[in-house]
Amino acid sequence: MPRTLVTGGAGFLGSHLCEYFLDKGHEVVCMDNLITGSKDNISAIKSDKFQFIEHNVSEYIELEGELDYILHFASPASPIDYLELPIQTLKVGALGTHNALGLAKAKNAVLLLASTSEVYGDPLVHPQPEDYWGNVNPIGPRGVYDEAKRFAEAITMAYHRTHGINTKIIRIFNTYGPRMRVNDGRAIPNFLKQALTGKDISVYGEGSQTRSFCYVSDLVEGIYRLLLSDQNYPINIGNPSEMTIKEMADKILQATNSTSKITYVPLPEDDPKVRQPDITRAKKHLNWEPKVKLDEGLKSTLKYFQKQLKT
Ligand code: UDP
């Protein structure tokens with residue numbers, strides 16, 4: 001039975017990964033310091049093949065026994081989190097990734113790094129292919145996340161080239177689904193919470209900036225395929241169906257039957273104007289493309305939010 005460590009395993013994506021890998025017959029170790037993750041996300045897991053360890057992976061990682069795979073997902077991931085936790089965000093991208101790679105080396109495990117579309121910054125190439133180097137402001141408020149992940153990619157490739165570690169890098173584009181926190185601060189959770197509680201929908205700027213939203217189950221499938229592939233270079237995983245943020249706000253008003261109004265507030269600094277993954281590589285090398293339609297994905301996310309907010 002393969003044994004897999006999920007760092008950030010009590011977070012939104014991490015908890016879905018823990019469940020998915022248990023279903024695939026893996027023994028799963030979930031490691032999280034719970035600064036943005038929550039035990040609630042993993043409380044339904046009853047398997048005796050599952051273990052939770054509370055630990056900050058920016059500190060040396062000690063783990064007994066053999067290990068086959070490391071899914072390195074620990075990091076604050078919402079702009080409001082990395083604005084509030086800038087140093088932790090930098091440390092987990094840099095020191096946390098170094099520790100995870102050291103563990104991969106010691107255990108001869110395959111390591112998959114959760115990277116991000118943020119490595120492309122405010123992109124000047126659209127849609128974004130993996131060979132685009134990006135347009136990042138290193139000293140802006142988002143720089144702590146973007147540069148941490150860029151460093152994480154660099155050290156991952158260095159361990160691959162220098163130590164021959166079998167590493168994978170996924171660049172994750174905007175993803176949504178159940179277990180995003182009600183107070184997560186990202187667009188879909190904010191809009192759902194606001195629509196369900198009769199508050200104004202806070203569209204930043206004019207809402208003309210675009211994003212492309214992928215449902216969590218599609219993302220998890222892409223991660224699994226990448227992990228088992230022979231690909232060591234970064235691969236974008238995301239849904240190429242692009243929309244403006246204003247369109248997303250309207251969609252959520254419609255899906256929730258809400259009478260909330262849209263209010264326009266100033267655009268945060270360095271907010272990318274456009275974002276859409278070029279998924280040619282994922283299609284070609286992983287035979288992967290997203291399947292879940294936005295309406296369908298929003299429906300199950302809405303259900304989760306209704307339960308959380310008891311509306
Ligand atoms: N956004 C918004 N209202 C919100 C939260 C976010 O208009 O309440 C915008 C944000 O400015 C960005 C887009 O929605 O242009 C997506 O933001 P999110 O925080 O979800 O993730 P990002 O893609 O910026 O990392």
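In listed order, ligands and their atoms are each counted from 1. In this text, all values refer to a predicted model and were calculated from it rather than measured experimentally.
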query = Going by an N to O cut-off under 4.0 Å, is there a salt bridge joining Arg186 and Asp184?
reply = yes
query = Which ligand 1 atoms, with their elements, are less than 4.0 angstrom from a heavy-atom of Asn190?
reply = 4 (C), 5 (C), 8 (O)
query = Among protein heavy atoms, which sits nearest to atom 20 (O) of ligand 1, and what does the distance come to when rounded to 0.1 Å?
reply = Ala187 N, 2.8 Å
task = Return the residue, atom name and 0.1 Å-rounded distance of the protein heavy atom closest to atom 3 (N) of ligand 1.
result = Ser202 O, 2.6 Å
ask   = How are the rings of Tyr224 and Phe21 set to each other: parallel, tilted or perpendicular (split at 30° and 60°)?
value = perpendicular
note = Judged by heavy atoms only, the candidate from Arg186, Met248, Arg142, Glu118 nearest atom 24 (O) of ligand 1 is Arg142
message = Could you tell me, atom by atom, which parts of ligand 1 come under 4.0 Å of a heavy atom of Asn174?
response = 21 (O), 22 (P), 23 (O)
ask   = Is ligand 1 under 4.0 Å from a heavy atom in the side chain of Pro79, in the backbone, in both, or in neither?
value = side chain
inquiry  = Which residue is it: Asn236, Asp146, Asn135? I am looking for the one with a side chain to side chain donor-acceptor pair (under 3.5 Å) to Tyr120.
reply    = Asn236
key: CA sep, side-chain torsions, deciding dist, call: Arg225, Glu221, salt bridge (Lys or Arg N to Asp or Glu O under 4.0 Å)   = CA-CA 6 Å; Arg225 290 188 188 207; Glu221 176 67 29; 2.8 Å; yes
ask   = Under 4.0 Å between a Lys/Arg side-chain N and an Asp/Glu carboxylate O for Arg142 and Asp122?
value = no
request  = Return the residue, atom name and 0.1 Å-rounded distance of the protein heavy atom closest to atom 11 (O) of ligand 1.
outcome  = Asp271 OD2, 2.6 Å
query = Is the shortest distance from a Lys or Arg side-chain nitrogen in Lys107 or Asp68 to a carboxylate oxygen in the other one below 4.0 Å?
reply = no
note = Nearest non-hydrogen protein atom to atom 7 (O) of ligand 1, with distance, is Tyr204 N, 2.7 Å
inquiry  = Only heavy atoms of Val203, strictly under 4.0 Å: list the atoms of ligand 1 that pass.
reply    = 7 (O)
key: Arg171 and its side chain to side chain donor-acceptor pair (under 3.5 Å) partner, picked from Glu153, Glu130, Glu118   = Glu153
inquiry  = I'd like to know if Glu66 pairs up with Arg3 as an ion pair, taking the criterion as any Lys NZ or Arg NE/NH1/NH2 lying under 4.0 Å from an Asp or Glu carboxylate oxygen.
reply    = no
note = Near Arg275 (heavy-atom distance under 4.0 Å), the atoms of ligand 1 are 22 (P), 23 (O), 25 (O)
request  = Considering the heavy atoms of Gly185, write down every atom of ligand 1 situated less than 4.0 Å from one of them.
outcome  = 5 (C)
query = Among protein heavy atoms, which sits nearest to atom 16 (C) of ligand 1, and what does the distance come to when rounded to 0.1 Å?
reply = Arg211 NE, 3.7 Å
remark   = Residue, atom and distance of the protein heavy atom nearest atom 13 (C) of ligand 1 read Ile245 CD1, 3.5 Å
key: Those atoms of ligand 1 less than 4.0 Å from some heavy atom in Phe191   = 2 (C), 3 (N), 4 (C), 7 (O), 8 (O)
message = Would you compute the distance between atom OG1 of Thr156 and atom NE2 of His98 and round it to the nearest 0.5 angstrom?
response = 10.5 Å
